[in-house]
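Shown next, in structure tokens, is the structure this report addresses.
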Amino acid sequence: MHEPPYETVLKPYGAALVELARQRPEIVCLGADLTRQTETDLFRDEIAGRFINIGMAEANMLGIAGGLARAGHVVFVNTFGVFCTRRCFDQIAMSVAYPRLNVKIVGFMPGLSSPGGPSHQAIDDVALMRAVPNMTVVEPADAIETRQVVAAIADWPGPVYLRLKRGEIPVIFDDDHRLDLGAAQVIAGNAEAEVCIVASGMMLPAALAAARTLADNAVTTVVINVPVIKPLDATTITAIARRSRLVVAAENHTIVGGLGSAVAEALAEAGVAAPLRRVGIADTFAEAGSREYLFAKYGLGTNDIIAAAWRGLALNRPMPVAPAVAVRPGAYAPV
Amino acid sequence: MGGQLLFEAASLRRLATRIRMRATDMVAIQGFGYLGQAMSSAEIFAVLFGGTLRIGHDRFVLSPGHYVIGLYAVAAELGLLDPAELAHYGADGSALEAIGSERTPVADLVCGSLGQGLSGAIGFALAAELAGEDRSVFAFLSDGEMEEGQVWEAAMFAAHRRLDRLVAVIDANNSQVDGAVTSVTTLEPLAEKWRAFGWRVAETDGHDVVSLAQAFASRHDGAGPLAVIARTEILGRMRAIPPTIDGHFIKLDPALKTAIMRELEAALA
């Protein structure tokens with residue numbers, strides 16, 4: 001695993017989709033007037049015959065995707081996460097999920113990674129998609145996982161919601177890291193730790209940084225990366241949480257209905273006694289701003305995870321602060 | 001089933017009458033249901049399935065699932081569905097649900113949440129285009145569901161893509177839950193709207209099998225998608241049904257059933 005600041009790459013999803021579609025003629029790529037922003041300009045330029053721009057009409061796009069999938073295609077639907085979940089929820093439920101069709105809904109700009117304010121910030125997309133029967137919800141954490149997730153969800157039967165960061169994608173994992181849609185993975189620490197940190201997507205770098213600062217201050221942690229939020233790998237999470245004093249879930253999403261809620265359900269049903277702290281957007285709409293500003297203001301920073309652990313353990317010592325990471329242009333570090 | 005033979009007007013009229021009789025029997029099981037939809041659309045189903053669409057090859061999309069009773073009826077008449085199944089219409093556990101679903105036989109796609117069918121039909125048409133298949137796609141719509149914005153998103157896109165394979169037939173019966181469509185909102189002028197969205201339009205009496213068959217046949221006469229606007233009446237011009245009845249969801253008592261069946265049997269004779 002690499003250390004922050006992380007190197008970044010551009011368009012790992014778009015490149016992987018083109019590569020896969022060259023081998024798989026049944027793959028079709030739909031968009032809604034956000035072609036470059038969803039990295040599908042690569043698909044449009046390379047495989048024009050199977051790229052269809054539906055225009056700004058998400059409800060229509062999901063319905064068309066359903067028809068194409070019924071005819072045997074594997075359909076990748078691309079737009080911002082906020083638009084492909086909120087705007088067309090009934091169409092996703094009825095035209096895609098209920099018939100369990102091979103439609104892969106790819107939503108970019110998760111949570112507060114969008115500077116565009118509440119209209120462009122997908123803060124509840126995971127909650128919405130988790131609630132839909134037959135839907136699988138996937139959020140890779142870096143470029144290595146993103147490259148692999150395209151083929152993985154194409155082979156995964158039925159509808160998938162894929163939540164992707166837009167723009168510069170950090171490289172956190174080594175090249176030999178393997179994404180597993182069937183399992184959450186312990187990626188740092190060991191199962192005997194005091195604090196079990198469960199994180200997905202853009203919160204993984206913050207979770208790793210928090211774990212490092214906590215370790216420097218005599219608090220042991222284990223970090224679990226959860227690329228598949230539904231179905232949640234409750235077995236792995238509860239087995240580790242059972243040995244922990246505290247569980248902290250970290251997500252770039254409202255704390256209602258997302259990863260934290262899924263973990264809470266798993267812990268409660270398994271009878272795990274460790275308390276849970278949810279780090280995420282505190283059931284509020286946000287505002288326009290930079291990622292750095294918004295993540296800090298709305299509690300998505302490394303220090304928010306540290307604080308959740310510190311307070312959850314009721315430690316009397318002064319709470320440590322994570323060292324700031326100098327970031328050069330083109331590199332990525334957690335807030 | 002010889003398609004050309006069925007295009008003979010008298011057989012199509014008989015098929016429409018048989019659809020109404022099957023639907024009346026089905027609704028009589030519980031004494032209420034979507035009988036008006038079948039009365040309104042009997043000729044449309046008769047002409048579509050009685051020779052227009054190539055069953056098992058062309059695609060059929062039923063957007064308003066409330067009309068599925070008409071599909072069950074025509075399917076039973078043409079041997080696509082065991083007529084004995086109709087006795088279980090709307091019963092617990094039966095695949096013949098009162099509002100169509102994924103369990104519905106015969107159709108390629110049946111929607112229940114209104115306004116979604118045309119988009120699915122476009123998906124089928126695009127798939128046929130990608131595969132280079134000679135396959136028409138018929139999407140059955142109702143006028144009321146055109147209040148949903150998705151219909152117009154789909155209409156705009158289908159014309160933009162010049163989807164020659166796509167035919168939308170609109171049962172324009174001026175009926176929705178709260179009453180006449182005209183009392184709820186103004187959809188008219190329907191033909192001008194579809195033309196303005198880039199469609200070819202054939203407007204016709206939806207209870208006249210010959211005009212309907214000609215309207216569907218005109219899909220081969222030009223380029224781009226075709227909208228067949230079938231002007232119908234929710235009670236299907238049945239004299240036996242009092243005009244004041246709520247056509248969207250008809251309560252069918254035994255006396256009314258008897259009167260309807262007598263009128264339909266007379267039409268068959």
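Hydrogens, waters and symmetry mates are skipped; everything else that's a heavy atom, side chains included, is used. Every chain is numbered from 1 and lettered A, B, ... according to where its sequence line falls, protein lines coming before strand lines.
A:E269 CD: 12 or fewer foreign heavy atoms inside a 6.0 Å radius. The local environment of CZ in A:R24 is crowded, with over 12 non-hydrogen atoms from other residues, nucleotides or ligands closer than 6.0 Å. Enclosure of atom CZ in B:R135 by more than 12 non-hydrogen atoms of other residues, nucleotides or ligands within 6.0 angstrom is indicated. In A:Q37, the CD atom is crowded: over 12 heavy atoms of neighbouring residues, nucleotides or ligands sit closer than 6.0 Å. Atom CG of B:D221 sits in a crowded spot, with more than 12 heavy atoms from other residues, nucleotides or ligands closer than 6.0 Å. Within a 6.0 Å radius of CZ in A:R86, more than 12 heavy atoms belonging to other residues, nucleotides or ligands are found. Heavy atoms from other residues, nucleotides or ligands lying under 6.0 Å from CZ of B:R200 number more than 12.
Not a single ring-ring contact (aromatic ring centres under 6.0 Å, His included) links A:Y98 to another residue, sequence neighbours left out. Applying the ring-ring contact (aromatic ring centres under 6.0 Å, His included) rule to B:H66 yields the partners B:Y34; only residues at least two apart in sequence or on another chain are considered.
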Steps toward salt bridge (Lys or Arg N to Asp or Glu O under 4.0 Å) verdict (B:E129, A:R50): CA-CA 11 Å; B:E129 189 178 287; A:R50 283 186 274 146; over 6 Å; no
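Each of A:L30, A:L62, A:V28, A:D90 has some count of heavy-atom pairs under 4.5 Å with chain B, and the biggest count is that of A:D90.
Within residues 137-161 of chain B, the residues approaching chain A closer than 4.5 Å by heavy atoms are, in numerical order, B:Q150, B:E153, B:A154, B:F157, B:R161. Residues of residues 109-127 of chain B lying under 4.5 angstrom from chain A, judged on non-hydrogen atoms, are B:L109, B:S113, B:Q116, B:S119, B:G120, B:I122, B:G123, B:F124, B:L126, B:A127 in numerical order.
Contacts between A:V75 and chain B at a heavy-atom distance below 4.5 Å are absent for every atom of the residue.
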